[in-house]
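Here's the structure, in structure tokens; my notes come after.
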Protein chains: 2
Amino acid sequence: MTQASNLSLCGKPEWIGRADCRHCAIRKMMLFSSLDESAFDHILEPIDNLRFGPKACIYTQGGDSNSIYSIRNGLVKLTQSLPDGTQRIVRLLGPGAVTGLEALVGEPYHHTLLVCQEVDICRIPIETMIQLENEHPDFSKQVMKYWEQHLNLADRWIIELSSGPIRNRVVRFLLMLLEIKGDQNDTVRLLSYDDMAAIVDTSRETFNRVIADLKSMGLVQKGESPKEVQCDIQGLRALLAP
Amino acid sequence: MTQASNLSLCGKPEWIGRADCRHCAIRKMMLFSSLDESAFDHILEPIDNLRFGPKACIYTQGGDSNSIYSIRNGLVKLTQSLPDGTQRIVRLLGPGAVTGLEALVGEPYHHTLLVCQEVDICRIPIETMIQLENEHPDFSKQVMKYWEQHLNLADRWIIELSSGPIRNRVVRFLLMLLEIKGDQNDTVRLLSYDDMAAIVDTSRETFNRVIADLKSMGLVQKGESPKEVQCDIQGLRALLAP
DNA sequence: CGAGTCCTTGAAATGGATCAAACGCTGTGG
DNA sequence: CCACAGCGTTTGATCCATTTCAAGGACTCG
């Protein structure tokens, strides 16, 4: 799998426009929450607001890192692969998350970023990040919080999604998915079974069987559309306790 | 497992002395590599240099974070546990690594830090970190590198030590251990089998059997002391390739 | 020397992988 | 509007890797 072939798979983004950070409705939960409106007065490099469809590839492992990304809406997966071909999904990011931080320390991208569910995302050139760090001393604090967030997610991925019997992993995955999407209700849109299997390091078939079990136990029910499910959060948690 | 009981297990450190960062022989590879000697002229809070024996507990998950630690020598493990009792080793740190960074963002410690092999470590109060960050603007850059280092290790833990068949994980673990200890030769001191099993999420018995296999293939050989082994690095790598 | 702790090995039980085939969508073209 | 192709999901049956249980061995410390 060469880089070129990867890039060729990359979806065509829809350019929504120059991001209007000043009036961004959700700025408080985003990267720029610590900045006041005037900070955006004389930004040299433009921040673009983009939309990508499912399966689009936003950046590629090993590729030149010239921007970081802030997710306004949707769901993306970070995958990593080893020289010997082993590949795994190492993170799932939803609204409010920031990715591509390695750009700030001069590293190429460490992951490939692929869209799971239609995503609304802002691309911030590193030049802009550097500028903001210089002009607003507190901004570094905010950035450090995002490093910490990634590290926490990675740690959770290890204990919650990569340890113990598959059933526990699947249950924790469902709970995590509910958490990532942000809003309060108990329904989620599942990913493809191949993706979900890659997340908990199992086979599509096994993942499927576990979900079937949970359905038969009444802990997971069909939702409106196919792929939508309604979860009994307490019940799922209870499975983990004993 | 209450916190109190954990703390009671904590080993008694040997206090070596106030750290003499200025003349630290290995400063170039450590946290303070970007600072010049004069930076240490008027540090308000003291940096202590400590030594802990195997099984000592240096800090505890959920505990008040008031210092970060810089490892000069030895080997420590970071473990994390879930409310339901699941527990796993999530990182292994050797010479040059820094841990407890969450102290810098006001979080309690996210892990429990336990000694695997006798460790020589410096404890740096967060006040000192804040002071250095204020006086030396570039210091934040250095700190960010350590966030990145942890994140890289966590990612590697996911793909290399938590994915695929156990044998591959064991092989990758051996290679990683060789890498962590830093020096160039191909011998390592193994950890306890329970620890190593917890690292690759398997049972002690299975881990043991895999090692036995590798020995019979001649890829791993008994070293001087028991626990010391000599590895055929190329041979081990070759196992992963096909 | 004996007790404790950790390592090693064997045999049986099981969870999960793999292979194979059927099913059910969704979109396309006749 | 229906038929069919294509893709992803579901289910069953078999096989194998890994876990678990059990017991014997080796090293370490007092």
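Lettering of chains follows the sequences in order, A, B, ..., and the numbering in each one begins at 1. The basis for the numbers below is simple: all heavy atoms, side chains too, and nothing from hydrogens, waters or symmetry mates.
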Legend entry - Atom pair distance, as rounded to whole Å: OH in Tyr193(A) and P in dC23(C): 19 Å
Legend entry - Backbone of Leu50(A) reached by a side-chain donor or acceptor of Asp48(A) within 3.5 Å: no
Legend entry - Residues Asn185(B) and Thr187(B): side-chain donor-acceptor under 3.5 angstrom: yes
Inset, instruction - Please state whether the phosphate of dC7(C), meaning OP1 or OP2, lies under 4.0 angstrom from any side-chain nitrogen or oxygen of Lys227(B). - result: yes
Inset, instruction - May I ask you to say whether Asp84(B) pairs ionically with Arg172(A), meaning some side-chain N is under 4.0 Å from a carboxylate O? - result: yes
Legend entry - Distance below 4.0 Å between Asn208(B) side-chain N/O and dT8(C) OP1 or OP2: yes
Legend entry - Euclidean distance, atom NZ of residue Lys222(A) to atom C1' of dT9(D) [Å, nearest integer]: 12 Å
Inset, instruction - Give the rounded distance in Å between these two atoms: NZ of Lys215(B) and C1' of dT9(C). - result: 13 Å
Inset, instruction - Would you kindly give the CZ-to-P distance between Arg209(A) and dG12(D), to the nearest whole Å? - result: 9 Å
Legend entry - Contact nearer the 5' end of DNA chain C, comparing Pro226(A) with Arg167(A): Arg167(A)
Inset, instruction - Please determine, by modelled atom types, if Thr99(A) and Tyr146(A) share a side-chain donor-acceptor pair under 3.5 angstrom. - result: no
Inset, instruction - Rounded to the nearest angstrom, tell me the gap between atom CG in Asp194(B) and atom C1' in dT19(D). - result: 14 Å
Inset, instruction - Measure from CZ on Arg204(A) to C1' on dC23(C) and round the result to the nearest Å. - result: 14 Å
Legend entry - Atom-pair distance (CD1 on Ile166(B); P on dG16(C)), nearest Å: 12 Å
Legend entry - Integer-rounded Å distance: dC7(C) P and Phe207(B) CZ: 11 Å
Inset, instruction - By nearest nucleotide on DNA chain C, pick out whichever of Ser192(B) and Pro165(A) is the more 5' one. - result: Ser192(B)
Legend entry - N-O pairing of Lys181(B) and Asp183(B) below 4.0 Å: yes
Legend entry - N/O (side chain, Thr206(B)) to phosphate O (OP1/OP2, dT19(D)) under 4.0 Å: yes
Inset, instruction - Output yes when at least one side-chain N/O atom of Ser203(A) is less than 4.0 Å from OP1 or OP2 of dA17(C), else no. - result: yes
